[in-house]
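Working notes, structure below.
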Amino acid sequence: MNFWLFKSEPDVFSFADLKSRPHRREPWSGVRNYQARNFMRDSMLPGDLGLFYHSSCPQPGVAGILRIASEPKPDPSQFIPSDEYFDPKASPDRPIWQLVDVAWAADLPQFVSLENLRAAPALADMQILRRGNRLSITPVTPDEFHHICSLGGLSPKAIAALS
DNA sequence: GCCAACGTTGGC
DNA sequence: GCCAACGTTGGC
């Protein structure tokens with residue numbers, strides 16, 4: 001199993017929004033960065049777990065836990081001219097951008113703020129904490145994932161039940 | 001709103 | 001294939 005961090009602006013789509021969707025599930029559309037796409041295409045598997053991170057907001061940080069709920073597939077928004085994520089270089093025959101469905105997996109009893117993340121020595125190497133990091137999807141190590149779940153107030157038992 | 005950092009674009 | 005210019009991201 002692999003572990004991931006998904007960034008989203010909560011004004012646009014928050015962890016609470018995911019939880020309120022039918023089946024608590026949503027296609028993660030709009031990724032337009034090759035590295036992030038390649039993670040989805042090459043390394044992500046249904047059942048993998050992810051941290052739902054709120055960015056560009058008053059309180060950045062990890063708001064909850066999600067699970068990868070589909071194989072990667074073409075992101076339909078790339079084909080729709082009126083869509084803000086339209087890509088004229090893409091066609092249904094030759095899609096460029098992929099998405100995966102994600103589903104709610106668990107609430108965190110406590111929000112894990114960016115400040116909390118920075119204060120944890122065990123998380124010092126996280127990609128999200130590096131200067132200039134702009135990737136909307138990044139891998140995290142199993143240790144980092146478990147550490148953040150623990151900071152979020154999940155018991156070891158609850159964390160184990162996720163995997 | 002500022003600004004540093006980064007990815008992408010396009011002229012050559 | 002280089003690299004300057006540009007747009008975007010995201011914390012503050």
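So that the names make sense, note that chain A is the first sequence line, chain B the second, and so on, each numbered from 1.
- As rounded to whole Å, 16 Å separates atom P of dT9(C) from atom CG of Leu5(A).
- Comparing dG10(C), dC12(C), dT8(B) against the side chain of Leu114(A) picks out dC12(C) as the nearest.
- Between Lys89(A) and the phosphate of dT8(B), there is no side-chain N or O to OP1/OP2 separation shorter than 4.0 Å.
- We find that CZ of Arg32(A) is positioned 13 Å from P of dT8(B), with the value rounded to whole Å.
- Taking 4.0 angstrom as the limit, Tyr53(A) places a side-chain polar atom (N or O) nearer than this to OP1 or OP2 of dG11(C).
- With contacts defined as side-chain heavy-atom distances shorter than 4.5 Å, the pair Phe145(A)/Leu49(A) qualifies.
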field: Ser14(A) and Glu9(A): CA distance, side-chain angles, deciding distance, side chain to side chain contact (heavy atoms under 4.5 Å, CB included) verdict
entry: CA-CA 7 Å; Ser14(A) 69; Glu9(A) 300 184 18; over 6 Å; no
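- Rounded to an integer number of Å, the gap from CD of Gln35(A) to P of dG7(B) is 6 Å.
- Spacing between atom CZ of Arg118(A) and atom C1' of dG11(C) amounts to 8 Å, rounded to whole angstrom units.
- Atom CD1 of Ile96(A) and atom P of dT9(B) are 9 Å apart (whole Å).
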message: Under the criterion side chain to side chain donor-acceptor pair (under 3.5 Å), I'd like the reasoning laid out for Asn133(A) against Arg130(A): C-alpha separation, chi angles, the key distance, then a yes or no.
response: CA-CA 6 Å; Asn133(A) 165 68; Arg130(A) 298 201 191 122; over 6 Å; no
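- The distance between atom CZ of Arg130(A) and atom C1' of dA4(B), rounded to the nearest whole Å, is 18 Å.
- The interatomic distance linking Glu9(A) (CD) with dG10(C) (C1') rounds to 8 Å, in whole Å.
- To the nearest angstrom, P of dG7(B) lies 7 Å from CG of Leu135(A).
- Partner of Phe6(A) under the ring-ring contact (aromatic ring centres under 6.0 Å, His included) criterion, chosen from Trp28(A), Phe52(A), Phe13(A): Trp28(A).
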